[in-house]
Amino acid sequence: MKKLQTLFLGVLVIIAVLFAGVLQLKKQTGMSGAETVNIYNWGDYLAPDLITKFEKETGYKVNYDTFDSNEAMYTKIKQGGTSYDITVPSDYMTQKMIKEHLVTKLSADKIKGLANIGPAYLNRSFDPHNQYSIPYFWGTLGIIYNDKFYQKTDVDHWSKLWDQKFRNQLMFIDGAREYLGVGLLTLGYSQNTTDQAKLLEASAKLRQLKPNIKAIAADEIKMYLADEEGRVAVEYSGEASEMLAENSHLHYVIPQEGTNVWFDNLVIPRSAQNKKGAYAFINFMLRPENAARNARYIGYSTPNQAALKLLPAKIRQNQAFYPSQAQLRKMEVYQDLGQKKVQEYNDLYLTLKIKK
Amino acid sequence: MQKMRSLFAVPYALWLMFFVFAPIALIVGYSLMDINGHLTLTNYQDFFSSSNYLLLTLSSFWYALLITLCTLLFGYPMAYCLTHLKHRDLWLMLVILPTWISLLLKAYAFIGIFGIHGGVNQFLGLFGIPARQILFTNFSFVFVSAYIELPFMILPIYNSLVEIDSSLIFASYDLGANKWQTFTKIIWPLSLSGVKSGIQAIFIPSLSLFMLTRLIGGNHVITLGTAIEEHFLVTQNWGMGATIGVVLIIIMLLVMGLTRQRKGGS
Amino acid sequence: MKKNKIATLYLTVMFIVLYLPIFYLIGFSFNAGQTMNKFTGFSLVHFQELFSDSRLLLILLETFLLAFLSALLATLVGICGTLWIRYTKKKVTKNALLAANNLLLVSPDVIIGASFLILFTVLGKVISGFNLGFLTVLLSHVAFSVPIVVLMILPQLEKMNESLIFAAQDLGANYWQTLTNVILPYLTPGIIAGYFMAFTYSLDDFAVTFFVTGGGFTTLSVEIYSRARQGVSLEVNALSTLVFVFALVLVAGYYWISQDGSSSRKKRKKRG
């Protein structure tokens, strides 16, 4: 019994010490009593110094909670029990949340600096008049290759991925829309098709791609490519920019057939408690110097044109990450297809993954 | 002790009610609903008529079996050796310690270690063995999964081994039994309860691994976990996801029933 | 002697394998570069980053507070459960209890998380002011750790000789004394093992915590997983190094205390 008692007491002491530590740290960081702005965002997707700057400027205290996927975030917001003032869904998820009345309509007169956002990034199909969302970052889906093994002409079309020389070399981002989307693009169809025949055709086409697939992975692709474990990958531009910074042999290409263009957007959930704070945050992020700082920290493409002017020419003029308007027009945003079609895409994808 | 029983029952029964029966009732409820919220058995029909799910179930079982076997094979001798060490409690805790580091980080470390230019291949290179693909193979998936689960097998086995009365072992030697006989007749049967705990703590959770199938297996290995995650998050078809959960629960009950019968038989 | 050597060799190899990834992570926390791909030089820059990042430090403390507390509560509930199951006479009831105990252990995390989320939001509608946050995470962690605690203690209790209890009662011990002086000391190894397992489960969990958390409360694993898209920085490695060192100190401290206790007991025995 003595041993148990000592242990029990020890654990209680540790708990007390930790509790005191938590209180102390909270006192240090937060101006307790101040109004909070609850931000629900991807992990590490906002420069920490901007949070401090925002807190100093406005007197709000920021709570920064994180999620790891659109779907996980959606489930939490939909189920309730929390009150987030700002969250950052991608395009199709923005559309879905608007459809299900999970986000608040923005009042235009409270938003300052919307003119800083380039016209090409506004009025996209998921929110035609930007009544609900403000673009935060954007990018494309493309191909990354290592110039030690391949050259640009090897990957400038999606259809070239089926080539023999990629046998067991290709890495693919783990996602039903992305995987089937590449099949649809190669066949010249829309990535948002709901036509079953076209989907089946794409999936048959992708079946032939299987021998070339080395792995279907997610965020880890960054590590694989930088390590040269993988030589070529289908990836998002955001992640690509990080890889390119690490390994100078890597290059990012947007294939000729066009591709998917994605947007992460700032929205105010309907359950928000501090809408004033949310607007203050949106306006803060729309300011060019803040958007530019954020873009440099995250490394993704910013839709804020005034901020773009503040970035070094090397970034600004990089066609891979800031493609021309003409190229941009050829790109499609994923649309929310409704649960039934999403299920169909995923079932096909699961079958493709299982069958050898 | 019978009178005390009802007192102990209170906190545990509360826990059972709120965190076991209520959620399970919810899950069973969801599994009986289609995506429009109507009462139906179609989820079960879909599950049992779809070759995809049956294949997934099979491969999940196969890998869970492999992982459990590996942990038992490597864990049992380790637990056994540990009990003979001088500072055995300390060493046991050192076995548990690695589990306190995030699974994701450990998986990242393995990506570095198993990579084509990683530590293992460089080591093999010293002996003139050419670099080979280790990641995305069944071997690496089973290895890393077994690595992650190993402490959960060692701990219960260790506990059951420690409790064996050493006089029993001496008695066995006195009666002329050799080491092997002592092990099979005395030590193994007496540590069986620990082995069972270990298997229960590993086998069924292994059926629904999904993180490692992607990280280390590159989605070449797919288990029921992948399908569950997809249904709960991506397609938001909680009914189908819950159905798979219910099937897993039924499988567990069957496994438990089987192990009990065997106990009664012997 | 020969067998001893084999055992030592085996243990050495196993420990090397167990700690290889850990040391790999720790090594890179001293990397001057930004990633785990190449070691470009020794530097403490990531520790500096970490110590100036009060948000991450707060998460670290909260994570451990949660783990210690939830494991404690889970162990208490687990002990109660074990005793209840053990002293249930009817075989059918006992088996049913055991099965119910294992249900959470076999349900995939995502399912547990989702169903707890529904449960808590329903509760939130009934009780005003009940929001997702520390309390809900604590309750969930206790909930999913209870079965493993029971699983660790029950085999020991099953093996315990009933006559010990009768003897104690014959000597005039009441129920409480029997429990604290006879049963619990006997179960100590199982209880400690159960506590450790519950602690480990709590530190490890991502999916359940993600679903039931809110209001600014986050744990390390949620933070680490949600950083994956942007790339997990070496700051997190530095954090793991700290956790590891802290854990080592804890284990050594515990060991020192327990050694001390047992050696003094031995002394007493000698004197007596």
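Protein chains get the first letters and strands the later ones, always in sequence-line order, with residue 1 at the start of each.
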> Among residues 107-118 of chain B, which residues come closer than 4.5 Å to chain C, judged by heavy atom distances?
Replying inline: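 Only B:Tyr108, B:Ala109, B:Phe110, B:Gly112, B:Ile113 of residues 107-118 of chain B have a heavy atom under 4.5 Å from chain C.
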
Heavy-atom distance under 4.5 Å to chain B: side chain of [X], backbone, both or neither?
X: C:Phe120; result: side chain
X: C:Leu18; result: both
X: C:Val77; result: both
X: C:Phe246; result: neither
X: C:Phe23; result: neither
X: C:Asp204; result: side chain
X: C:Val236; result: both

Within this structure, what is the [atom1]-[atom2] distance for the pair [X] and [Y], rounded to the nearest 0.5 Å?
X: B:Gln200; Y: C:Asn101; atom1: CD; atom2: CG; answer: 9.0 Å
X: B:Trp91; Y: C:Leu11; atom1: CH2; atom2: CG; answer: 8.0 Å
X: C:Ile153; Y: B:Ser197; atom1: CD1; atom2: OG; answer: 11.0 Å
X: C:Ile112; Y: B:Ile24; atom1: CD1; atom2: CD1; answer: 8.0 Å
X: B:Leu248; Y: C:Ser107; atom1: CG; atom2: OG; answer: 8.0 Å
X: C:Leu139; Y: B:Phe18; atom1: CG; atom2: CZ; answer: 10.0 Å

With sequence neighbours left out, the residues meeting salt bridge (charged side-chain N to carboxylate O under 4.0 Å, His left out) with C:Arg227 are C:Glu223, C:Glu235

Sorted by chain and number, sequence neighbours left out, salt bridge (charged side-chain N to carboxylate O under 4.0 Å, His left out) with B:Glu229 holds for none

Would you name the heavy atoms of [X] and [Y] that are closest together and state the gap between them?
X: C:Met152; Y: B:Leu155; result: SD-CD2, 4.3 Å
X: C:Leu119; Y: B:Ala22; result: CD1-CB, 3.7 Å
X: C:Ser240; Y: B:Leu105; result: OG-CD1, 3.0 Å

Scored by heavy-atom pairs under 4.5 Å with chain C, the best of B:Tyr12, B:Phe232, B:Trp238 is B:Tyr12

Cut-off 4.5 Å, heavy atoms of chain C, and the answer for B:Ile96 is side chain

Worksheet entry | Side chain / backbone / both / neither for B:Phe21 at chain C, heavy atoms under 4.5 Å |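 The side chain, not the backbone.
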
Does the side chain of [Y] come within less than 4.5 Å of [X]'s, by heavy atoms?
X: B:Ser193; Y: C:Lys159; value: yes
X: C:Pro21; Y: B:Tyr147; value: yes
X: C:Val17; Y: B:Phe143; value: yes

Next item on the list: Walk me through it: do C:Tyr225 and B:Leu103 pass the test side-chain contact (heavy atoms from CB on, under 4.5 Å)?
Entry: CA-CA 10 Å; C:Tyr225 277 84; B:Leu103 170 70; 3.7 Å; yes

Quiz item: Does C:Lys94 NZ have over 12 foreign heavy atoms under 6.0 Å away?
Solution: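 Atom NZ in C:Lys94 is packed in, count exceeds 12.
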
Does B:Phe123 have more than 12 heavy atoms from other residues, nucleotides or ligands lying within 6.0 Å of its CZ?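 Not more than 12 within 6.0 Å, no.
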
### Task
Would you check if the side chain of C:Tyr19 reaches a backbone N or O of B:Leu94 as a donor-acceptor pair within less than 3.5 Å?
yes

Donor-acceptor pair, side chain of B:Trp100 and main chain of C:Thr200, under 3.5 angstrom: no

Before you tell me yes or no, could you show the steps for C:Val142 and B:Phe19 under side-chain contact (heavy atoms from CB on, under 4.5 Å), namely the whole-Å CA-CA distance, both residues' side-chain angles and the distance that decides it to 0.1 Å? CA-CA 10 Å; C:Val142 172; B:Phe19 294 106; over 6 Å; no

Answer key: most heavy-atom pairs under 4.5 Å with chain B among C:Phe199, C:Phe206, C:Phe244 is C:Phe199

Heaviest contributor of heavy-atom pairs below 4.5 Å to chain B, chosen from C:Leu203, C:Val251, C:Ile111, C:Leu239, is C:Ile111

Salt bridge (charged side-chain N to carboxylate O under 4.0 Å, His left out) pairs touching residues 203-216 of chain B, sequence neighbours excluded, are A:Glu220-B:Arg214

